[in-house]
J.: 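I'd like to ask you about the structure that follows.
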Amino acid sequence: MDIQQLQGLVNQMTLEEKIAQLLQLTAHFHEGTDNEGQVTGPMEEMGITEPMVTASGSILGLSGAQAVIDVQNMYLSKSPLGIPLLFMADVVHGFKTIFPIPLAIGCSWDMELAEKSAEIAAKESAVSGIHVTFAPMVDLVRDPRWGRVMETTGEDPYLNSLFARAFVRGYQGDHLKDDPDRLAACVKHFAAYGAPEGGRDYNTVNMSERQLREQYLPAYQAALDEGCEMVMASFNTVDGIPASGNEKLMRGILREEWAFDGVLISDWASIREMVAHGAAEDDAEAAYRAIRAGVDIEMMTPCYVNHLPQLIRSGRVDEALVDEAVLRILRLKDKLGLFDNPVRAADPVREQEIIFCEEHRNVSYQLAVKSSVLLKNSGILPLRPDANIALIGPFAQSGDILGWWSCEGNKDDAVQLGDALQKRLSGGKLGIAEGCGLDSITSQQIEAALETARQAEIIVLALGEESAMSGEGGSRTDIRLPQAQLELVKHLKTLGKPMAAVIFNGRPLDLHGIFEEADAVLEAWFPGSEGGAALADILLGNVNPSGRLTMSFPQSVGQVPVYYNHFNTGRPMDPANQEVRYVSKYIDSSNDPLLPFGFGLSYTTFTYSDLTISSPELKAGEALTVQVKVTNTGDREGEETVQLYIRDVTGEVVRPMRELKDFRKLALAPGESGTASFTVTEEQLRYYHSDLSFTSDPGSFQVFVGPNSRDTLEQHFKLNHL
Ligand code: BGC
């Protein structure tokens, strides 16, 4: 349909019909009347009527091809103008085939696989009837206490932006209408939801507009540049105003500056929550603020349906605001082709063929391999296939490896580590003991674990957080492994046997009690449906780990936030002279994280040499070439992620100690050398000045290249604007 036809539809709708398009509810509202037609359950609690539900424009969280077809047909039979319903859901890291959590996908630094994972997630959910996914989540994060760090790709604005684009491409493809196996994407949570004070979920976010623009906004903008159809508002305040009612953010930056004309949805109840925030006196005021800010769809609260009619009739709200919102929603329905084919890809037969098929699981396996990060290895990994191994810990034989936001995933389908190891050993032996619960331990469990370990030559620990310890509402003040697991480690340590630890978790942990004790540590994150297979292959050296951290691991929670792109301060600590008091430091800890951004080991080793720069001077409009030689000095083939960082030594506004600007992947055979080549231009050196102008400053720049943000070679150049 063209825009006139869609506008024609809007013109034919009653005010109530239009406002109902702005309401999104979960499926059980559509089941909400009893046999006599009395309003029951959630509808009654929310104070909404059946006609409002029947006419609501979109539905949240319903899937299953037949169920969706039935609901859509029923809906259309009651829709006077034949406007189809939109089905939205949280397909965050896979639908039934679950991929590693997004923070793990971040550690792959692999945009192709990330895109592929989104494409598969789209295909599986589209055939189950879904039209829109509430993904990608691209919030920049610096505080591992926040449970939702598992949903993002990490702490770097540049890398997050690349992933934002890759995910959007994967979900949406090139042309939504012609490709029913794709979904419309909804980037979230706009804005800066990833910076809650103290890492406590839903908490206040306070930052300067400069910092917001420089660090936090780029990834949302990248998603929109890639054509992302929807945006979700965040729960938090931005400069004192809840995002859902924040005109400056939504009308100003999103709609006017970035020219976003797609659908903007609130987060779950975030319009009504303006009352609790203290930014609206009641639901009516909340509706007023949200519609003025440009929020089109209200998720799960009735402020719009209950109050917009009166606000419009009284003249406080211009009906044109509602018309605009409805038009955007109808346009999205049209882009998805729903007016021609309201069930889109939903197909109960194809659903059986596509979902959780081998091809999809294979991609999940590949991503799990690429996103696991080897944090430490004194040489005990890889294991010999004929080794006598004791696998001990609550994750030795557990399906709880999918992670939060794997709504449709089935833990029973996940490949468990114990099974996968057993299958791959040849001539070796595997003893398995639980050792402890997630956070409980008995003397029988300790005894059984010690007995299993005594019979083995090497202990592999499988430890971690259960998936509910991260994700939404999963903030923690203590980010160590649960005490019972640390106690188990202590007992096993007394045996003096080599120990490798595999850790399952949704956030960077404080690794006290395990990092020093174990001879090797493999960060598995929540690796998804094929996790056990990928980890067993890594442990046995069938594949070589190549993941690199995209969030720093703190030494302790007291250092948080600790991130690589920090400022120098006026009193930086001199590492060679750590006793000086009046410098920016802790008296009980170093300033450095335990493991820096970009870090990860391999079963082979790489050396860096010959860092060159094509000229000591860069002029605007020209480019410099930076090259480095990387040699595989070990005895296995391996993949290295060569990282380029830049520091602007002096700026009008102080600049980070280093900022990731680019990276290259090199696959090298033993003894082989390769060259990573980068181009540096003036555009990459621009930043937001105090007047919010986005320009570069002439002067000195340092260039760092290396395997992570800490261990780098250095060059320098001058930027000359003339
Ligand atoms: C979350 C969103 C999610 C929404 C719908 C909210 O609680 O913050 O990320 O998309 O629920 O499930």
Side-chain angles (χ1 to χ4, degrees), residues 22-29 42 46 56-63 86-95 101-103 118 121-122 125 128 130-141 146-153 160 164 167-168 171 183-196 199-205 216 219-220 223 228-238 242-244 262-274 276-277 290 295-301 332 403-409 467-468 470-475 506:
L22 315 189
L23 174 64
Q24 175 164 116
L25 298 170
T26 52
H28 29 276
F29 281 86
M46 216 186 262
S56 65
S58 57
I59 195 167
L60 158 65
L62 182 73
S63 63
L86 264 174
F87 292 82
M88 308 197 186
D90 290 282
V91 183
V92 174
H93 53 113
F95 183 66
I101 56 171
L103 187 56
S125 40
S128 283
I130 292 168
H131 306 141
V132 177
T133 176
F134 295 132
M137 188 278 216
V138 302
D139 300 326
L140 185 127
V141 291
W146 193 45
R148 300 194 79 169
V149 301
M150 53 79 44
E151 274 175 70
T152 157
T153 48
N160 284 4
F167 286 133
V168 171
Y171 288 126
L183 304 175
C186 174
V187 65
K188 67 190 188 186
H189 305 83
F190 193 70
Y193 180 42
R200 203 179 74 208
D201 208 355
Y202 319 119
N203 202 8
T204 308
V205 170
Y216 289 83
Y220 309 108
C228 187
E229 291 291 348
M230 280 184 61
V231 173
M232 185 185 292
S234 55
F235 288 120
N236 53 284
T237 53
V238 175
S244 298
V263 174
L264 172 57
I265 188 169
S266 77
D267 202 343
W268 183 293
S270 68
I271 294 185
R272 180 176 262 178
E273 285 171 15
M274 276 194 269
H277 271 295
V295 178
D296 301 317
I297 299 182
E298 178 177 14
M299 187 196 293
M300 288 306 287
T301 45
L332 179 59
W404 195 260
W405 291 121
S406 47
C407 315
E408 295 296 323
S467 53
S470 57
E472 187 172 353
S475 297

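Whatever order the structure lists them in is the order used to number ligands and atoms, beginning at 1.
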J.: Please lay out, stage by stage, how Asp139 and Arg148 fare under the test side chain to side chain contact (heavy atoms under 4.5 Å, CB included).
T.: CA-CA 9 Å; Asp139 300 326; Arg148 300 194 79 169; over 6 Å; no
J.: Which atoms of ligand 1 are found less than 4.0 Å from any heavy atom of Asp267?
T.: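 Listed by number with element: 1 (C), 2 (C), 3 (C), 4 (C), 6 (C), 7 (O), 8 (O), 11 (O).
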J.: Please check: side-chain N/O of Ser234 versus main-chain N/O of Ala191, any donor-acceptor pairing under 3.5 Å?
T.: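 Looks like yes, one N/O pair under 3.5 Å.
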J.: Check whether any heavy atom of His189 sits under 4.0 Å from an atom of ligand 1.
T.: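 It does, in that a heavy atom of His189 comes within the 4.0 Å cut-off of ligand 1.
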J.: Please work out whether any backbone atom (N, CA, C, O) or any side-chain heavy atom from C-beta onward of Met232 is under 4.0 Å from ligand 1, and answer side chain, backbone, both or neither.
T.: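 Within the 4.0 Å criterion, Met232 contacts ligand 1 through side-chain atoms alone.
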J.: Would you mind running through ligand 1 and noting each atom that sits below 4.0 Å from a heavy atom of Phe134?
T.: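 Counting atoms of ligand 1 from 1, those under 4.0 Å from Phe134 are 10 (O).
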J.: Polar contacts were defined as any N/O atom of the residue lying under 3.5 Å from an N/O atom of the ligand; does this apply to Lys188 and ligand 1?
T.: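 Min N/O separation from ligand 1 is below 3.5 Å for Lys188.
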J.: Does a donor on one side chain sit under 3.5 Å from an acceptor on the other, for Glu472 and Trp404?
T.: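 Side chains of Glu472 and Trp404: no pair found under 3.5 Å.
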J.: Which protein heavy atom lies closest to atom 12 (O) of ligand 1, and at what distance to 0.1 Å?
T.: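 Answer, as residue, atom name and distance: Asp90 OD2, 2.4 Å.
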J.: Where does Arg148 meet ligand 1, judged by heavy-atom distances below 4.0 Å: at the side chain, the backbone, both, or neither?
T.: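 The part of Arg148 near ligand 1 is the side chain, not the backbone.
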J.: Consider side chain to side chain donor-acceptor pair (under 3.5 Å). Of Asp201, Thr152, Asn203, which one does Trp146 pass it with?
T.: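 The side chain to side chain donor-acceptor pair (under 3.5 Å) with Trp146 is passed solely by Asp201 among Asp201, Thr152, Asn203.
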J.: Measure the acute angle between the ring planes of Phe235 and His189, then classify it against the limits of 30° and 60° as parallel, tilted or perpendicular.
T.: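 Parallel: the ring planes of Phe235 and His189 meet at under 30°.
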J.: I'd like to know whether ligand 1 has Phe235 as a neighbour, heavy-atom separation below 4.0 Å.
T.: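 For ligand 1, residue contact (heavy atoms, under 4.0 Å) with Phe235 is present.
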J.: Consider every N or O of Glu472 and every N or O of ligand 1, then say whether any pair is closer than 3.5 Å.
T.: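 N/O-N/O distance under 3.5 Å: yes.
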J.: Quick one: does Met300 get within less than 4.0 Å of ligand 1, heavy atoms only?
T.: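 So Met300 does not count as touching ligand 1.
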J.: So, Ser128 and Ser63: side-chain donor and acceptor under 3.5 Å apart, yes or no?
T.: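 No, no side-chain donor-acceptor contact under 3.5 Å.
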J.: Would Phe134 and Trp268 count as a close aromatic pair, with their ring centres under 6.0 Å?
T.: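 No.
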